[in-house]
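Per chain, numbering begins at 1; letters A, B, ... match sequence-line order. Just so we're clear, the structure is a prediction, and the values are computed from it rather than from any experiment.
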Protein chains: 2
Amino acid sequence: MTYAARDASTEVSPNMSSVFPSNSSTPLSTFSAGSEIYAPRQKASCLYRIEFGAVRLHRMLSDGRRQVVDFYLAGETFGFEVSRTHSFFAEAMVATSTRTHCLADNTGTQPELLGLALHGMLRAQEHILVIGRQTAMERVAGFLLDMSDRQGGLKHFDLPMSRLDIADYLGLTIETVSRVFAKLRASGLIKLRSIRCVEIIEKTALRGLCA
Amino acid sequence: MTYAARDASTEVSPNMSSVFPSNSSTPLSTFSAGSEIYAPRQKASCLYRIEFGAVRLHRMLSDGRRQVVDFYLAGETFGFEVSRTHSFFAEAMVATSTRTHCLADNTGTQPELLGLALHGMLRAQEHILVIGRQTAMERVAGFLLDMSDRQGGLKHFDLPMSRLDIADYLGLTIETVSRVFAKLRASGLIKLRSIRCVEIIEKTALRGLCA
DNA sequence: CGGTCATTTGAGCGGAGTCAAATTGAGTGG
DNA sequence: CCACTCAATTTGACTCCGCTCAAATGACCG
């Protein structure tokens, strides 16, 4: 973690009346690639809205196995918790800037927060279906379509995460992810413009691969 | 979810008696074993608090693969959704009775609902870790401990769900679940008083099997 | 150009799945 | 109370998808 980045994350004003004022002057924090935003057991009191960059939320088992619970991209918000402390690691995957909104105890932010929580629950529950019942090919195909959609549905887009992040998100290994990418490329459904830039050639066919 | 992780998640309990006072006169509905409470695409407008019985929340893929997203036991509440319609099936696994609490558009229930949503999100995210990264043995051991805890931590308790429900919840097959049960029984960690009644003999050892 | 790290590719293995048969057990009617 | 039925569960034999281990290739940077 970068010390400068950590310091920046703590410069937050205590009282926000609204969660996301559009012309916000809330503090802007920046994190370098790979730096930690928060860790389990740390006090949870802020929401983070990503201005640019991308974040992974993950947890580890004692023997090093890791599960990425979710990715957050530009425009998305993370950081809300049931309890007073965090349950996961949040780390910037690339250079990332966030607007930090601290929650007062008793404000009008709850309607927005409720929406975020319900949306987060649905996303997590749908991810359970993916990881519990889909094949490696189905998982990767669905992942690419999700990434495409969340970046405006463009034909080509950059993956802000490494193969290891993708593997840990989909409950696979890097090798399996790499092999599925290779198979999709060989069958002409996608192109890899560079190692992190994906172009979707046959969106319909790709969609057909998802169960 | 990992067994240890559940402790952290209990700060906000899903039993929110303030939402549903025990002397409530809200309608009491009963469902026979196997009957449907709601289905995807149906209008979502009520919360259901279970008086007795047990419910599964699940979804199916087009080819019949099924994933149980969560179980709800007596005292727990389900039915909240992001959108106006349901995303999952809710079905009674045994004879079940619920208090149905319809949400007015703009009531004071939101703080409680927020707690339920956040708790549900955390449970789902922890389940992602289980399904994504744990072995069959770890999943079943953690499941039994979770069931025990949620029924008051008794040494022996009834499983309200079938082996198929357990398998679809843990992302396994019935055969694998059955084999793991057999192995746990053979090594003396549990006893099966009957097909659905489990007695935990070595709780500590069982906990040691969870990652 | 050499070093380091991420990714890809190859070979072989193993945990969980599949298919099939045996067994248990909960109902049901005689 | 027992015999019968049918579904749920268990057990066995074998397969296969994804994992592990290992080596090669590629990308980036000083």
Side-chain angles (χ1 to χ4, degrees), chain A residues 32-34 56 61 63-68 93-95 130-144 158-187 190-198 209 211, chain B residues 32-34 56 61 63-68 93-95 130-144 158-187 190-198 209 211:
Chain A
S32 58
R56 65 172 168 250
L61 296 176
D63 61 358
R65 281 175 287 176
R66 189 181 73 148
Q67 178 66 46
V68 172
M93 296 186 293
V94 294
V130 172
I131 289 184
R133 287 293 175 230
Q134 291 188 190
T135 66
M137 177 59 82
E138 289 165 346
R139 297 183 207 194
V140 172
F143 170 75
L144 290 175
D158 275 304
L159 295 173
M161 68 288 289
S162 69
R163 297 289 188 270
L164 182 58
D165 288 326
I166 298 173
D168 286 346
Y169 175 64
L170 297 177
L172 301 170
T173 60
I174 23 175
E175 293 95 331
T176 298
V177 170
S178 183
R179 276 184 255 267
V180 173
F181 269 72
K183 194 171 287 184
L184 287 172
R185 192 164 50 82
S187 49
I190 66 170
K191 267 184 189 151
L192 295 176
R193 294 191 177 186
S194 78
I195 207 132
R196 291 223 181 171
C197 181
V198 178
L209 291 178
Chain B
S32 59
R56 65 173 168 250
L61 296 175
D63 62 358
R65 281 175 287 176
R66 189 182 75 148
Q67 179 66 45
V68 171
M93 297 186 292
V94 294
V130 171
I131 289 184
R133 286 294 175 229
Q134 292 188 189
T135 65
M137 177 60 82
E138 290 165 346
R139 296 182 208 194
V140 172
F143 170 74
L144 289 176
D158 275 303
L159 296 172
M161 67 289 288
S162 69
R163 298 287 188 273
L164 182 58
D165 288 325
I166 298 173
D168 286 346
Y169 176 66
L170 297 177
L172 301 169
T173 60
I174 23 176
E175 293 93 332
T176 298
V177 170
S178 183
R179 276 184 255 266
V180 174
F181 269 72
K183 195 172 285 185
L184 288 173
R185 191 163 51 82
S187 50
I190 64 170
K191 267 184 189 152
L192 295 176
R193 294 192 177 187
S194 78
I195 206 130
R196 291 226 180 165
C197 182
V198 178
L209 290 179

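- Going from atom CD1 of B:Ile174 over to atom P of C:dT18 covers 10 Å, rounded to whole Å.
- Counting only heavy atoms from C-beta outward, the side chains of A:Gln134 and A:Leu170 never approach each other to under 4.5 Å.
- Proximity of A:Phe181 to A:Ile166: side-chain heavy atoms (C-beta onward) are separated by under 4.5 Å at one or more points.
- Put simply, CG on A:Asp63 is 15 Å from C1' on D:dT20, counting in whole angstrom units.
- Taking atom CZ of A:Arg196 as the reference point, atom C1' of C:dT8 lies 15 Å away to the nearest angstrom.
- As rounded to whole Å, 14 Å separates atom C1' of D:dT10 from atom CD1 of B:Ile190.
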List the steps and the verdict of side chain to side chain contact (heavy atoms under 4.5 Å, CB included) for A:Val68 and A:Met93. CA-CA 12 Å; A:Val68 172; A:Met93 296 186 293; over 6 Å; no
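- Atom CG of A:Leu164 is separated from atom P of C:dT7 by 8 Å (rounded to the nearest Å).
- Among the protein residues, A:Thr135 comes within range of the sugar-phosphate backbone only, with heavy atoms under 4.0 Å from sugar or phosphate atoms but none that close to a base.
- To the nearest angstrom, C1' of D:dG18 lies 13 Å from CE of A:Met137.
- Under the salt bridge (Lys or Arg N to Asp or Glu O under 4.0 Å) criterion, the residue pairs touching residues 164-173 of chain B are A:Arg133-B:Asp168, B:Arg56-B:Asp165, B:Arg66-B:Asp165, B:Arg66-B:Asp168, with sequence neighbours excluded.
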Please produce a list of atom pairs where a protein N or O lies less than 3.5 Å from an N or O of nucleotides 3-5 of chain C.
none

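- The side chain to side chain contact (heavy atoms under 4.5 Å, CB included) check on B:Arg179 picks up B:Glu175, with sequence neighbours excluded.
- By the side chain to side chain contact (heavy atoms under 4.5 Å, CB included) test, A:Ser187 pairs with A:Leu189, sequence neighbours left out.
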In B/S/- notation (B base, S sugar-phosphate only, - none; protein heavy atoms under 4.0 Å), nucleotides 21-30 of chain D written 5' to 3' is B---------
Worked verdict on B:Val177 versus B:Tyr169 for side chain to side chain contact (heavy atoms under 4.5 Å, CB included): CA-CA 11 Å; B:Val177 170; B:Tyr169 176 66; over 6 Å; no
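- When distances are taken from the side chain of B:Thr176 to each of C:dT9, D:dT10, C:dA16, the shortest belongs to C:dA16.
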B:Lys191/B:Cys197 under side chain to side chain contact (heavy atoms under 4.5 Å, CB included): CA gap, chis, key distance, verdict: CA-CA 8 Å; B:Lys191 267 184 189 152; B:Cys197 182; over 6 Å; no
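- A:Ser162 comes within 4.0 angstrom of the backbone, heavy atoms only, and of no base.
- A:Leu192 has its CG atom 12 Å from the P atom of C:dT7, to the nearest Å.
- Relative to the side chain of A:Leu172, the nucleotides D:dG18, D:dT10, C:dA16 differ in distance, and D:dG18 lies closest.
- With DNA chain D read from its 5' end, the first of the two nearest nucleotides for A:Thr173 and B:Val177 is the one closest to B:Val177.
- Annotation: side chain to side chain contact (heavy atoms under 4.5 Å, CB included) contacts of A:Thr176 (sequence neighbours excluded): A:Ala136, A:Leu172, A:Thr173, A:Val180.
- As rounded to whole Å, 11 Å separates atom P of D:dC19 from atom CG of A:Leu170.
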